[in-house]
Amino acid sequence: MNISDKYMKIKVLVGLVLMVTSMPVLAQQAGEVTDQEFVIRKDRVLTLPQKPRKFERTPVLPVPQSDGKFNYVVNPYFLSLAPEVIEPEAAQKQWPRRRQDLYPGFARLGFGNYSSPLIEGRYNNWEEGDYNYGVKIKHEGFYTGPVDGRNSGENFTDVGLNGNLYRDFFQVYGGVDYYRHKFNFYGYDFENPDFENYVPNQNILNTFKITAGIQDLDKTEGFNYDVNLGIRAFNDNYEAAETDIALKIKSGYWFDNAISSGIDLDLSLTQPKDVFYSNINRNYLKVNPFVGYQNEYLKVRAGANIVYENDVTQNKESDFQVFPQLLGEYMIQDEFGIYAGFEGDVQRQTYQDFVMENPFLGPSMELLNTIQNYEIKGGVKGVLNNELTYEAGIGYGRFRNMHFFANSGMDTTRFNIFYDDDTRVLNYNAKVSWNYEGWYRLIGKANYYFYNTSTLEAAFQRPEWELSLNNNFMLDEKWLLQFNANVMGGIVGGVFDPIAATDGIANPTLFRSEMLPVIIDLQLKADYQINDQFSAFAIGNNLLNRTNQRFLNYPVRGIQGIVGLTYKFGY
């Protein structure tokens, strides 16, 4: 036995002795009755800590095994059928159309005083998906006129064919046109007995034109283009003739919905001839690069007109010229906006342009383009109550080689072209359009011109002011009425006398001027729809029976009316 075991036994023995000696004392205390106090508390809650409980894990069941085997046999079946081709097409809204709008063709016949037959026919095929085409023919004659019956007669013939071929992203278009105007030089004094039984000279203007072009269909984004090539041949009964090859290109690129840029090109190669010239090549090329910006309120275009033209004139420094171009408008609200512009340019003028403005031309001495040194314009515009559209503005420009017409002193039935070296033009203009509840529409225009010429005594044959009012009344589904008024005043006619002498010296710039009366032309047109295919019409011109003279010595027809019938076909 070691020492540690001895000490352990002694401690146990001492503990037992102390326990035995203390038991009587405890027994005596338990038997006694003493005062006690008990406190019962209802709000006391006995809580025991929660002891976590262990759960057994779910035993993993054995995976059943199968001895079965499954075999699949796939038999191929081949059919000799072509795969279905699905061509996506854009959904289109089928807007209902009235039956009378579906007729692709119409024919019109009419007749009136001054021995004036009217024959017109048109047909347009638009039902094919990839292409459409149209043909037209019109003949309108006035075989008697205001001076000596047939001596002042004239007639017009117009024939044309056009078509379009559509592809996914572009279209190809073209056409062939022929225009014929036959008239007499009736600007003589028929009351003069010297002209009794006089037969005036007759002229026929013939124009043949072929055009072809290609343009993209989506104009709202990306690259846009329109390329047009035209060939025109013109001649009259005398020695005037002109051929023209014209190329026009419009291109642009939209960077986003607001910013765009582009280059426009206009090329014209013209070969005219007349009594006093031949074998002339009049070349004209204009390139117009530009940038543009537009949003809901603002629209701006800035660019340049770069022009080459080879007309021969005095004091001409160069055939090559560059002009600025700046145009813009800002709509403060729909009801009110402002616009302004500053631009220089060279206005192309061909012999056909002159003769279409005044058909009574004699032999021309020279053909010149009009140089627009600059033109400044500005004004206001807006839309009121979604019905009334208005625009009013002012413009001022400086021009060189602006053309005017004056009668020849040798033959007063014919006009010559005269050019002014330096012309200043001030123009006040106003336009208004009113569409009231769908049954009434008004279009009105007014212009006032102030010409300051340098080498000519006056702005011969150009009006000082003009006013036009067009009124359309849609009374019901059957009646359509139009009442138009055209008023023009301040026209100065001139007679050029090249052999007039002052102090025995010929003065080639001497003109005799004459103020022409105010022109007032009231027109009334009525159209009555009998049924879906037939309608009747009536037209009245110069209802005040005035002897209006747009050109000196050439009074127009008095009251002139025509009635007829229109037939729609091809449904």
Side-chain angles (χ1 to χ4, degrees), residues 116-124 133-143 145 152-164 173-186 200-213 227-248 266-284 309 311 347-370 403 405 413-417 461 550-551 554:
S116 55
L118 172 63
I119 303 172
E120 183 177 6
R122 292 177 183 265
Y123 183 82
N124 294 282
Y133 63 88
V135 294
K136 64 177 181 179
I137 181 172
K138 181 179 180 180
H139 176 78
E140 185 174 13
F142 302 94
Y143 291 97
S152 56
E154 62 179 331
N155 60 78
F156 308 86
T157 303
D158 187 10
V159 181
L161 171 66
N162 62 81
N164 297 72
Y173 61 91
V176 179
D177 292 277
Y178 171 72
Y179 177 82
R180 180 180 183 271
H181 181 193
K182 180 180 180 181
F183 60 95
N184 296 301
F185 291 97
Y186 66 93
N201 293 327
Q202 188 181 86
N203 199 4
I204 300 177
L205 307 178
N206 296 285
T207 302
F208 182 79
K209 186 176 182 180
I210 300 176
T211 59
V227 181
N228 182 283
L229 176 64
I231 301 175
R232 173 178 56 82
F234 167 84
N235 71 307
D236 66 4
N237 269 15
Y238 299 94
E239 297 185 40
E242 185 178 62
T243 59
D244 180 60
I245 300 176
L247 175 65
K248 298 181 183 295
D266 188 354
L267 173 65
S268 176
L269 306 177
T270 308
Q271 290 184 332
K273 68 174 183 177
D274 207 337
V275 176
F276 301 106
Y277 53 80
S278 61
N279 299 323
I280 296 177
N281 293 318
R282 298 185 66 225
N283 302 325
Y284 173 87
E309 54 91 23
D311 287 345
Q347 301 173 5
R348 180 62 162 172
Q349 302 287 355
T350 65
Y351 183 80
Q352 191 198 34
D353 296 328
F354 294 128
V355 80
M356 288 300 168
E357 185 177 351
N358 183 352
F360 306 107
L361 288 183
S364 57
M365 299 296 295
E366 59 180 348
L367 303 176
L368 299 177
N369 298 315
T370 299
H403 69 276
F405 301 109
T413 64
R414 302 200 183 195
F415 290 82
N416 295 137
I417 306 173
Q461 296 298 157
R550 178 60 183 89
F551 299 102
Y554 281 90

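Keep in mind that the numbers below use all heavy atoms, side chains included, and drop hydrogens, waters and symmetry copies.
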Any sub-3.5 Å donor-acceptor pair from [X]'s side-chain atoms to [Y]'s backbone N or O?
X      : Y      : answer
Asp274 : Ser364 : yes
Asn369 : Gln349 : yes
Tyr554 : Thr413 : yes

With a 4.0 Å cut-off, would you call Arg232 and Glu242 a salt bridge? yes
Salt bridge flag under 4.0 Å for residues Lys248 and Asp266: yes
Determine whether the aromatic ring centres of residues Phe360 and Phe183 are separated by less than 6.0 angstrom. yes
Verify the distance criterion only: is there a donor paired with an acceptor across the side chains of Ser152 and Asn184 at less than 3.5 Å? no
According to the interplanar angle, ranging from 0 to 90°, do the rings of His403 and Phe405 count as parallel (below 30°), tilted (30 to 60°) or perpendicular (above 60°)? perpendicular
Using a 6.0 Å distance limit plus a 45 degree cone around the ring axis, check whether Arg414 lies over the aromatic ring of Phe551. no
Trace of the side-chain contact (heavy atoms from CB on, under 4.5 Å) decision for Leu205 with Arg180: CA-CA 6 Å; Leu205 307 178; Arg180 180 180 183 271; over 6 Å; no
Above 12 or not: heavy atoms from other molecules or residues under 6.0 Å from CG of Asn281? yes
Identified side chain to side chain donor-acceptor pair (under 3.5 Å) partner of Tyr178 from the options Asp158, Asn206, Thr157: Asn206
